[in-house]
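One structure is given below, encoded as C-alpha cells.
We count ligands from 1, going down the list as the structure has it; atoms in each ligand are counted the same way. Heads up: numbering here begins at 1 and tracks the sequence.
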Amino acid sequence: METKLLPLDVDSLSQGAALIRRGELVAFPTETVYGLGGNALDEAAVARIFAVKGRPADNPLIVHIWEHKQAEQYCHWSEQAQQLADAFWPGPLTLLLPRKPIIPLIVTAGLDTLALRLPSHEGARRFLQACSLPIAAPSANASGRPSPTTAQHVQTDLEGRIPLILDGGPAQVGLESTVLDITCPHPMVLRPGAVTPEQVAMVVGSCDVAPSVMRPLQPGETTLSPGMRHRHYAPKAQLSLVEGDREAVAAYICRMVDQQPGARILAMGVNVPLYAGRQVDDLGADTHQAAQRLFYLLRQYDDENVQRVWCEALPPTGLGLAVMNRLARAAQFDIRHAGV
Ligand code: TXA
Ligand code: MG
C-alpha cells in the first residue's frame, strides 16, 4: 500500500475523512503526539488498528471526540467529569468513564470503562469533525517504539501499512495525554501527562497517582491501566537515570561516560556546561521543552545506533512526573543515586 504524507489542509482533510468512513486508518496530529485513527464504531477498522501497530489486544484504545456534548453518547457522564472537562477540554486529558454499549468491546479490550479525549489541536479537531465519527486512536508508532511527535516519525514506523498521514507539524506537548480514572472514589492518574495531578486536584479536591507510574509492577500485582503491563518507549540503547544533587549527578555521569566511549548524555540546558568535552544532548530550558524533545531524541539515538545513554533525572513534580515516567520506563527503571 502506498502511504501518502500530506500537509493538513482542506483537501487532505476531506481525503482523510473519506478514508475513515470507508473503514481505513489515517494518522493525524494532536497536541500531544500523532494518533492512528479509525472509526471507533467499526470493529473491523479497530481490529486493523491493533494489527497495523502490532499492539496486544488487551491494551485498550482512547476514543477522540471534537465537542463536549458527544461524550454522553459513548459513556455515562458525571458531574465530576463535567468539572474536569470544563477545566481541561479541549486538551491533553483523557477521562476514564463507564462505557456505553454503542462502543464495541474491541475498543476497550473488553473493559467496562472507556477512555475519552477531546484534543485541543486545531487540525485534529477539524479532522475529527470532518469524519463525523468517534475516532479510536492510539499513538501512531509501531508498538514498542517511542510515540511519534512528527509526521516523519509516523512514516518511519507505518510506511506501507496505512494510506494517509496528515502532517500538522511537530507536536506541541510531545508526551501522550494524562489518563485519569474517575470511576473510582478518588480520581487517579494512571498515566501522567501535561495535565498534572496538582492541576486536577485544584479542580476536584484530590488526585491520586497510581503506584505503577514510577515503579515496575510487582510480581502478581494487577494494574488499572493495561498499558502499564507492556514495555513502552523501548530505545535500542541501554539507558540509565541519575538523580541527586546537580553537581554530584554531573560528576557521576562524567565518570561513567569517560569509561564508555560512544556513550551519550541527556542533560538539562543549564547543566550542559558541566559535561564539557563530552557528547551531550540538550533536553531544553525547562520540563516543557524536555517533554517536547524527549521522544525525538530517543528516536535519534535509535537511528544512530547509540548503545549507551546516561540521563539526568528531573524532579517528578508537575510535568516533570510525565517526563520521568517515560524516562524511567525507557530505562527499565535503572535509576541511580549520585551520592555526595
Ligand atoms: O495523547 C494521547 O493520549 C495519544 C493521542 C493520539 O491522543 N494517544 C495515546 O494512545 O497515547 P495510546 O493507545 O498509545 O495510549 C492509551 C493509554 C494506554 O496506556 C491504555 O492502556 C490506556 O490509555 N487506556 C485506554 N483505555 C483504557 C481503559 N478503558 N482503562 C484503562 N486504561 C486505558
Ligand atoms: Mg501508545
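- A 6.0 Å sphere centred on OH of Tyr275 holds more than 12 heavy atoms belonging to other residues, nucleotides or ligands.
- At a threshold of 4.0 Å, the pair Glu67-Lys69 counts as salt-bridged, since one of the basic side-chain nitrogens sits closer than that to a carboxylate oxygen.
- Considering backbone and side-chain atoms together, Ser177 places an N or O closer than 3.5 Å to an N or O of ligand 1.
- Counted within 6.0 Å of NE2 on His68, heavy atoms from surrounding residues, nucleotides or ligands total more than 12; the atom is thus considered enclosed.
- In summary, the atoms of ligand 1 found under 4.0 Å from a heavy atom of Leu111, numbered by their order in the structure, are 28 (C), 29 (N), 30 (N).
- Between Arg293 and Asp281, no side-chain nitrogen of the basic residue sits less than 4.0 Å from a carboxylate oxygen of the acidic one, so the salt-bridge criterion is not met.
- A salt bridge links Glu176 with Arg326: the distance from a Lys NZ or Arg NE/NH1/NH2 to an Asp or Glu carboxylate oxygen falls below 4.0 Å.
- For ligand 1, the atoms lying closer than 4.0 Å to a non-hydrogen atom of Gly35 are 6 (C).
- Classification of Lys236 and Asp302 as a salt-bridged pair fails, no side-chain N sitting under 4.0 Å from a carboxylate O.
- Of the polar atoms of Arg117, at least one N or O is found under 3.5 Å from an N or O of ligand 1, judged by distance alone.
- Each of the following atoms of ligand 1 lies closer than 4.0 Å to a heavy atom of Glu176: 1 (O), 2 (C), 11 (O).
- Using modelled atom types and a 3.5 Å distance limit, the side chains of Arg21 and Ser132 yield no donor-acceptor pair.
- Each of the following atoms of ligand 1 lies closer than 4.0 Å to a heavy atom of Val179: 23 (O).
- Heavy atoms of other residues, nucleotides or ligands lying less than 6.0 angstrom from NE2 of His186 number 12 at most.
- The aromatic rings of His153 and Tyr296 sit tilted relative to each other, their planes meeting at an angle between 30° and 60°.
- The distance from the Mg ion (ligand 2) to the nearest N/O/S atom of Ser139 is under 2.8 Å.
- At under 3.5 Å, a nitrogen or oxygen of His64, whether backbone or side chain, sits near a nitrogen or oxygen of ligand 1.
- Each of the following atoms of ligand 1 lies closer than 4.0 Å to a heavy atom of Leu96: 27 (C), 28 (C), 29 (N), 30 (N), 31 (C).
- Interface atoms of ligand 1 facing Ala137, defined by a heavy-atom separation under 4.0 Å, are 8 (N), 10 (O).
- Below 3.5 Å of separation, one finds an N or O of Arg191 facing an N or O of ligand 1.
- Shown in contact with Asn59 at under 4.0 Å from a heavy atom are these atoms of ligand 1, numbered in order with element: 18 (C), 20 (C), 21 (O).
- Numbered from 1 in the order shown, with element, the atoms of ligand 1 that lie under 4.0 Å from a heavy atom of Ser139 read 8 (N), 9 (C), 10 (O), 12 (P), 14 (O).
- Considering backbone and side-chain atoms alike, Arg55 places an N or O below 3.5 Å from some N or O of ligand 1.
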